[in-house]
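Inspection log for the structure reproduced underneath, given as structure tokens.
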Amino acid sequence: MTLGGARVLAALFVVGCPVSVFAQTHSDTLLTVGGDVDQPYVLSAAEFAKLPHTSVRAEGHDTKTSRFEGVLLAELLRRAGVKLGADLRGPRVAQAVVVGAADGYRAVFAIAELDSAFSDRTILLSDRRDGAPTGTTEGPLRVVATGDKRFARWVRQVTSLTVRKL
Ligand SMILES: Nc1nc2c(c(=O)[nH]1)N[C@H]1C(S)=C(S)[C@@H](COP(=O)(O)O)O[C@H]1N2
Ligand SMILES: [Mo]
């Protein structure tokens with residue numbers, strides 16, 4: 001086969017392959033960020049660890065106050081192309097993110113709730129509590145949402161963030 005023919009075949013293979021082969025099924029995928037966004041992506045644990053982290057003191061459902069470290073949901077969505085701050089207006093105000101977990105549990109945040117231009121709350125995906133990695137029961141990633149008085153949206157074992165334009 002000619003080199004050109006091989007290239008065409010390779011291109012057909014890429015086009016014909018389910019997206020998942022290239023974007024979602026790395027065996028080491030920790031988190032999938034997608035839905036109605038311009039730049040869906042996946043992160044391995046090593047990639048997540050390298051993202052800019054924020055820390056916050058908060059009381060967990062177990063009534064213990066801890067220092068939680070993690071990556072702001074706003075930062076994770078900004079990297080997928082979600083517009084925040086002055087650009088979060090008009091139809092964009094009707095966007096929400098579905099936080100999905102390994103056990104099928106889901107919780108929804110409005111995008112505006114996550115944006116520091118709208119709110120002083122800290123909403124992050126925590127990978128460390130009091131300096132130690134979040135265990136596999138709670139984590140590896142868990143939502144921490146200051147300002148929620150109940151803990152139903154502190155989703156454990158988070159695997160996906162899916163943006164929905166309502
Ligand atoms: N994945 C997942 N996360 C979850 C839940 C769940 O059922 N599955 N329950 C929520 C509810 S209703 C509460 S009250 C808290 C309990 O947090 P805890 O496990 O730290 O006590 O987790 C929240 N996160
Ligand atoms: Mo709960």
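Starting from 1, each residue takes its place in the sequence as its number.
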Problem set entry | Between CG on residue L166 and CD on residue Q95, distance to nearest 0.5 Å | 8.5 Å
Exercise. S119 versus E113: any side-chain heavy-atom pair under 4.5 Å?
Worked result: no
For this session: Taking only Lys NZ, Arg NE, NH1 and NH2, and the carboxylate oxygens of Asp or Glu, determine whether D115 and R121 approach each other closer than 4.0 Å.
Result: no
Exercise. How many angstroms lie between NE2 in H61 and CZ in R150, if you round to the nearest 0.5 Å?
Worked result: 7.5 Å
Exercise. Is any side-chain heavy atom of I111 closer than 4.5 Å to a side-chain heavy atom of V82?
Worked result: yes
Problem set entry | Minimum heavy-atom distance between A58 and T146, given as atom pair plus value | CB-CG2, 4.2 Å
Exercise. Hey, does the side chain of R67 reach the backbone of S55 with a donor-acceptor pair shorter than 3.5 angstrom?
Worked result: no
For this session: List the atom of F118, the atom of L88, and the distance in Å for their closest heavy-atom pair.
Result: CZ-O, 3.5 Å
Problem set entry | Minimum heavy-atom distance T54-L124, with the two atoms named | O-CD2, 3.7 Å
For this session: Only one of L161, T162, V42 passes side chain to side chain contact (heavy atoms under 4.5 Å, CB included) with T32; say which it is.
Result: V42
Exercise. Taking atom CG of D62 as the centre, does the number of heavy atoms from other residues, nucleotides or ligands within less than 6.0 Å exceed 12?
Worked result: yes
Problem set entry | Ion pair check, D148 and R153, cut-off under 4.0 Å | yes
Problem set entry | A145 backbone acceptor or donor facing W154 side chain under 3.5 Å | yes
Problem set entry | Distance-minimising heavy-atom pair for D36 and R164 | OD2-CA, 3.4 Å
For this session: May I ask you to test the L125-V143 pair for a side-chain heavy-atom distance under 4.5 Å?
Result: yes
Exercise. Just by distance, with hydrogens left out, do D127 and T134 show a side-chain donor and acceptor under 3.5 Å apart?
Worked result: no
Exercise. Do you know the tightest heavy-atom contact between V33 and A80?
Worked result: CG1-CB, 3.9 Å
For this session: Find out if a path of hydrophobic residues (ILVMFWY) with successive side-chain heavy-atom gaps under 4.5 Å connects L30 to L72.
Result: no
Problem set entry | Value rounded to 0.5 Å, distance of CG in L77 from CZ in F109 | 11.0 Å
For this session: State whether the number of non-hydrogen atoms from other residues, nucleotides or ligands found under 6.0 Å of R106 atom CZ is greater than 12.
Result: no
Seminar exercise, completed: Between L31 and S160 the two heavy atoms that sit nearest each other are CD1-N, 3.8 Å
For this session: First locate atom CG of L84, then atom CG of L114, and finally report the distance between them rounded to the nearest 0.5 Å.
Result: 8.0 Å
Problem set entry | Sidechain-backbone polar pair: E138 side chain, G135 backbone, donor-acceptor under 3.5 Å | no
Problem set entry | Check ion pair E75-R78 (N to O, under 4.0 angstrom) | yes
Problem set entry | Short side-chain to backbone donor-acceptor contact, Y41 and G34, under 3.5 Å | no
Exercise. With a 4.5 Å limit on heavy-atom distance, are the side chains of T159 and Q157 in contact?
Worked result: no
For this session: State whether a side-chain donor-acceptor pair under 3.5 Å links R142 with S126.
Result: no
Exercise. Below 4.5 Å, heavy atoms only, C-beta onward: do T137 and R156 meet side chain to side chain?
Worked result: no
